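Given the structure is predicted, the values throughout are model-derived calculations rather than measurements.
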Amino acid sequence: NSTAENKNDFPAVASLHKRAISQGFLSTLGEEFLARLYAGIARHPLSCVIVAQDEYDKIIGFIAGSLSTSLCYRHVIMRNFIRLGMPIFFKLFSLVNLNKIRETLAYGLTGRDAAESVTAELLSIVVADEARGTGVGRQLVNHLEHCFREKNFSGTYKVVTSARDERSNHFYRNLGFRFLRSFMHHRNIMNEYHKNI
């Protein structure tokens, strides 16, 4: 596992995201948008994007996290507003998409996480189908926690996943995350888990 720094890493990360998180709203914005988003997250000083590669250097998984979702999103949007907006320009003319974009940004930017004691978050994790069941997901979580510690963080971080996704809920519980609550996001029921490091 290694930190995503090579610009060629981010299209692969975006492709994995789009294939594995196909029900998520961000996936509907396209791989070009996702690649630019993850590149922006990787450049944020309080955030990490880590990739797992096979013996042929093919990216078979990734994880992204931040010590502050609100600061990370603000940083990414302010520094990449035009670059992020270009791939989704025509989607902005849809009222449904505008509402979903507003709700997505509100999650990170309205101070929701600042109003709570837990601001660190595992933003996304994906393991390619061919690598599932091999321990790659567990390794990625361990590397994210190591990244957080390197940024002088110790405490509690969170992750949010669909309540309907039994596999991801089982994965987080097996790694020691504890269920905190359920809430609505984009008209879907989401589960929030916490873990101490």
(request) Let me see the working for H143 and Q139 under side-chain hydrogen bond (donor to acceptor under 3.5 Å, both in side chains), right down to the final yes or no. (result) CA-CA 6 Å; H143 278 268; Q139 291 173 17; 5.7 Å; no
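Every residue meeting the side chain to side chain donor-acceptor pair (under 3.5 Å) condition with N196, not counting sequence neighbours, appears here in chain and number order: T156. A131 meets the side-chain contact (heavy atoms from CB on, under 4.5 Å) test with I60, V127, T134, V136; sequence neighbours excluded. For K195, the salt bridge (charged side-chain N to carboxylate O under 4.0 Å, His left out) test picks out E145, with sequence neighbours left out. In terms of the ring pair (Phe, Tyr, Trp, His ring centres under 6.0 Å) criterion, residue partners of Y38 (sequence neighbours excluded) are, by chain and number, H17, F62. Residues forming a side-chain contact (heavy atoms from CB on, under 4.5 Å) with N174 (at least two apart in sequence, or on another chain): H170. Residues that satisfy the side chain to side chain donor-acceptor pair (under 3.5 Å) test with R19, not counting sequence neighbours, are S15. Residues that satisfy the salt bridge (charged side-chain N to carboxylate O under 4.0 Å, His left out) test with E130, not counting sequence neighbours, are K58. Listed by chain and number, the residues in a side-chain contact (heavy atoms from CB on, under 4.5 Å) with A35 are F10, A14 (sequence neighbours excluded). By the ring pair (Phe, Tyr, Trp, His ring centres under 6.0 Å) test, Y157 pairs with F148, F177, sequence neighbours left out. Taking the side chain to side chain donor-acceptor pair (under 3.5 Å) definition, one finds that Y172 meets it with nothing, sequence neighbours left out. Scored by the side chain to side chain donor-acceptor pair (under 3.5 Å) test, K151 finds no partners at all (sequence neighbours excluded). Every salt bridge (charged side-chain N to carboxylate O under 4.0 Å, His left out) that D129 has, sequence neighbours left out, goes to R132.
Counted by atom type alone, S66 and S68 present zero donor-acceptor pairs between their side chains at under 3.5 Å.
Proximity of a side-chain donor or acceptor of D9 to a complementary backbone N or O of I50 within less than 3.5 Å is not detected. Panel note: side chain T161, backbone N191; no donor-acceptor pair is recorded below 3.5 Å.
Side-chain contact between I41 and S47 is present, with heavy atoms from C-beta onward closer than 4.5 Å.
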